[in-house]
Each structure stands twice: as structure tokens, then as C-alpha cells.
Amino acid sequence: MRCSHCGAMIPDDQMVCPRCGTEVQIVPDYNPLDDVLAREVKGSVEGATRQIETDDIRRYRRDDRTKNVNSTRVLSREEMDRIRDQRRRSGSRKTSGNVGRGTDELQRKQQGTGELRGQKRNTGAMRTQRQDTAELRRLRQQKRLEAAKRKRRKLLITLFILLALIIAGVYLVYVNSYTSMVNKGYQAIQSGDYDAAENYFNRAISKDRSRPDAYTGYAEIYVDQDDYESAEDVFLSAIETQPTNVEIYRAAIEFYMETEQPAKVSALLEDCEDQNVLSAVSSYLSSAPVFTPEEGTYNEVQQIMITSETGGDIYYTTDGTDPTVETGTKYEEPVLIQTEGKVEIRAIAVNANGIPSTVASATYTIEFPIVNAPAVTPSTGQYTEPTQITITVPEGYTAYYTMDGSTPDPESSSTEKYTGPVDMPENTQTIFNAILVNDQNGKATEMTTRNYITTD
């Protein structure tokens with residue numbers, strides 16, 4: 001069906017034009033008024049109906065179409081009475097036959113008008129019923145749309161409230177969370193409020209004592225005040241209660257590196273007994289040097305080798321002080337100990353990451369063996385014939401002697417170096433003293449004394 005107002009197509013199950021909104025009105029295909037008008041035009045009774053009257057009716061229809069293009073106008077009773085009255089007045093001027101014929105015609109018109117009114121009433125009832133059905137359908141659809149809108153509105157409100165509650169809950173959880181406490185602690189440090197910072201970090205530690213961030217922040221309070229010892233105690237105390245916590249060990253190592261105390265890294269790890277921790281921080285391990293041979297007392301010159309399991313450079317001292325990269329001697333060949341006495345060697349190993357090991361030390365005592373007093377011949381006595389004095393000199397020794405009774409001293413002018421047999425003086429008494437001196441260490445043996453008397 002097409003709208004007669006705008007020409008749009010209207011679905012069969014709708015009573016309102018979807019484009020212009022004009023209400024569709026149903027009229028029957030048969031219109032009795034058209035028959036009436038046709039009979040008036042043809043006029044079975046001349047003069048019963050005037051042209052003016054037909055024009056009036058058509059004007060009424062035209063006016064009615066102007067008002068509603070989709071409706072058929074029905075003449076009211078007053079209009080029909082006026083039309084009949086006009087016809088009567090016009091019929092009085094005609095012949096009686098014509099009057100009778102006009103009267104019959106008028107009756108047929110009245111009867112047709114009555115039928116038309118009945119049909120109009122039926123058509124109006126049908127149209128009203130269809131309009132009521134379409135209106136009911138429209139109202140139901142509108143109610144469904146409104147109910148859907150209300151449902152969506154309630155759902156959106158519920159979702160908004162739920163989202164607001166979730167956001168509020170997340171905010172409350174975050175405000176009191178470990179991370180929030182740590183962040184607030186650092187903010188307090190920046191503002192110089194160390195008491196508040198300490199409070200925040202303690203609260204964070206109470207929430208999770210295994211995480212390192214709060215300990216690092218706590219130590220930062222003391223670092224900011226140049227109190228490195230107290231900062232170190234923060235980590236040491238945490239490690240003491242959690243000796244297997246890898247992350248706290250990492251935090252302590254980072255503290256030592258940032259504060260330029262790498263030597264303390266090895267001391268920290270040396271006390272660690274957990275292999276998981278040592279494996280996790282293996283790049284920071286620097287094993288203390290090992291000495292070969294082991295420390296002890298030796299009776300000859302020693303060559304000491306120094307090695308480290310973790311490799312790297314080795315630095316050592318022999319004066320009893322702790323070596324550093326700056327003050328120590330870099331180990332490149334075995335350390336030679338050739339002086340009799342006690343020597344302490346201290347050494348460190350520095351790994352590839354610049355971490356020095358703990359100081360290792362070893363003490364060596366060198367005591368060269370002392371031979372017995374030298375053998376001197378002949379023995380003490382009186383001699384009447386010329387005789388030579390002989391000293392037995394072992395390998396590695398040099399003999400020295402005097403003939404005036406003084407103690408031999410290689411540095412003294414009265415002491416002679418023994419190079420072979422010495423003639424015994426004649427007609428005199430001679431006190432002959434002799435010693436042996438070790439060629440390596442210069443140590444002298446006990447002195448041998450002989451008393452010679454010579455006569456003719």
C-alpha cells in the first residue's frame with residue numbers, strides 16, 4: 001500500500017506512514033455517493049437535481065480531500081436535509097409527472113444515502129478497529145522500548161557503581177600496600193623527614209619482610225646522612241634473620257658497590273652457607289688466595305706460589321700490611337724467601353668485576369741448619385817440631401780464624417779467612433780460634449779453640 005500524502009510504501013501490518021507519519025484510513029472500494037452523483041448528472045427526472053447542487057457536493061468532497069487525502073467525507077444530516085429542501089423548491093416548478101418521478105428518485109437517493117451511511121459506519125468501525133489494533137501494537141512496542149531503556153539504564157548504573165567500588169577498593173588497597181609505603185618513604189627522604197621515612201619503611205617491612213625494597217630505602221635514610229655503618233647494619237640484620245634470602249643479599253651487594261665498599265662484598269659472602277645464594281651471586285664471588293707450600297718453618301730458601309679459585313689478579317705484601325690494588329705488589333711469579341727468620345705474606349684476589357677477596361695470609365719461618373764447630377787439627381798441646389794447623393770446611397761454608405785469642409769476625413782486620421793449612425808459630429804460645437760461616441745466610445757456627453805451645 002502506498003501513502004497518498006507522500007507516496008512512500010506502507011507495510012501491510014502498519015497503519016501509519018513511516019516517512020510522513022500520516023495515519024492510514026480504510027475506505028471501501030465501492031462508494032454509493034458516486035452512483036448518486038452519476039444519477040444526478042444523468043437526471044432521470046429533469047430539474048430534480050440542479051448542476052449547482054452537484055457542484056456543491058463535489059466541492060464538499062474536494063474540501064474533504066484537502067483536509068485529509070486518505071479519508072472519504074460523509075454528508076451530515078443537515079446537509080442532506082438542505083439538499084432535499086432545495087430539490088423540493090426546485091421541483092415545485094415542474095410538472096406533476098416530473099414531480100412524482102423526482103419524488104421517486106429522491107426516495108432512491110435517500111435510500112442510497114442510508115445505505116451509504118451504513119456502509120460508512122461499517123467502514124468507520126473497521127477503520128477504528130484497525131486503528132485500535134495498530135495503536136495497541138504501537139503502545140506495546142513503545143512499552144517494550146521503554147522497558148529495554150530502563151533495563152539498560154539500571155545495568156549501566158549498576159556497572160558504574162560496581163566500577164566505582166572496584167576503583168575505591170583498589171585505591172584503598174594500594175594506599176596501604178607495601179609499594180605505597182615504600183614510595184611514601186622515599187618521598188619523605190626527599191623532603192628531609194627522616195622520622196616519617198623510617199615509619200613508612202618499617203610499616204612496609206612488617207607487611208612483607210622478604211622483599212628488599214624497604215631495606216634499601218631504610219638504609220638510604222642513613223646514607224643520606226653519611227652514616228654508612230648504620231646503613232650496613234640494616235642489611236646485616238635482615239640477612240641474619242633471613243640467611244637464605246637471595247634478594248636481600250643482592251640489595252646488600254648493590255649497597256656496597258654504590259658506596260664504593262667492594263671489599264666488604266667478599267666478607268659478606270664468605271659467611272654465607274647457602275649454596276642457592278652463592279650460586280645466584282656467583283659473579284660477585286672472589287675466593288681468597290691459597291699459598292703453596294703451606295705456612296710453616298723451613299730450613300732452606302722457599303718459593304711461595306699464590307693462586308685463587310675464581311681467578312683474577314692477585315696482589316700481596318710481605319710487611320704485614322693488608323694489600324690493596326694500589327698498595328700491594330701484583331703477583332706475577334713465586335715469592336722467594338731466602339732470608340733466615342719469619343716472614344708473613346698477605347694477599348688478595350680481585351675478580352673480573354673488581355670485587356677483591358678477603359685477605360689471606362701465611363707466615364713462613366726460615367731457620368738454616370747450623371753445623372757443629374769446625375774441626376781443627378792438631379789438638380791442643382806442646383810441640384817441638386814445626387807443625388801446620390788444618391781446619392775442616394764443609395761445602396757451603398767458609399772458615400775464619402784468629403791467632404791472638406780473639407773471636408773471629410769476617411769484618412775484623414784481625415780475622416783471617418782460611419784458605420789452607422796454617423803454620424804454627426815457633427817458640428811461643430798461640431791461642432787459635434776458628435769458625436765456619438754459612439755462605440747463604442752468613443750465619444756463623446760455634447767457635448773452636450786450640451792452645452799451642454812450641455819449643456826448640
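In this structure, Tyr401 and Tyr418 have perpendicular ring planes: the angle between them is above 60°, well past the 30° mark.
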Start with the C-alpha gap between Val301 and Ile337, add the side-chain angles, then the distance that decides, and say whether side chain to side chain contact (heavy atoms under 4.5 Å, CB included) holds.
CA-CA 6 Å; Val301 173; Ile337 302 178; 5.8 Å; no

What verdict does the side chain to side chain contact (heavy atoms under 4.5 Å, CB included) test give for Val350 and Ser286, after you've listed the backbone C-alpha separation in whole Å, the side-chain angles of each residue and the deciding distance to 0.1 Å?
CA-CA 7 Å; Val350 181; Ser286 183; 5.7 Å; no

Decide yes or no on salt bridge (Lys or Arg N to Asp or Glu O under 4.0 Å) for Glu344 and Arg346, but give the supporting numbers first.
CA-CA 7 Å; Glu344 181 184 14; Arg346 296 187 180 187; 3.1 Å; yes

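For Thr454 (side chain) and Pro425 (main-chain N/O), a donor-acceptor pair under 3.5 Å exists by modelled atom type. Side chain of Asn353 to main chain of Ile355: no donor-acceptor pair is present (N/O by atom type, distance under 3.5 Å, no hydrogens or angles). Under the 3.5 Å distance criterion, the side-chain polar atoms of Thr216 are matched with a main-chain donor or acceptor of Pro212.
Centroid-to-centroid, the aromatic rings of Tyr331 and Tyr315 stay 6.0 Å apart or farther.
Surrounding CD of Gln388 are more than 12 heavy atoms belonging to other residues, nucleotides or ligands, all under 6.0 Å away. More than 12 heavy atoms of other residues, nucleotides or ligands sit less than 6.0 Å from atom CD of Gln225.
Checked by atom type, the side-chain pair Tyr218/Glu198 shows a donor-acceptor distance below 3.5 Å. Side chains of Asp193 and Ser191: no donor on one and acceptor on the other come within 3.5 Å.
Ser230 is linked by a side-chain hydrogen bond (donor to acceptor under 3.5 Å, both in side chains) to Asp227, counting only residues two or more places apart in sequence or in another chain. Judged as a ring-ring contact (aromatic ring centres under 6.0 Å, His included), and not counting sequence neighbours, Tyr284 has no contacts.
Of the candidates Tyr186, Tyr215, Tyr222, Tyr194, Tyr186 is the only one forming a ring-ring contact (aromatic ring centres under 6.0 Å, His included) with Phe201.
Between Lys443 and Glu340 there is a salt bridge, since at least one side-chain N of the basic residue sits less than 4.0 Å from a carboxylate O of the acidic one.
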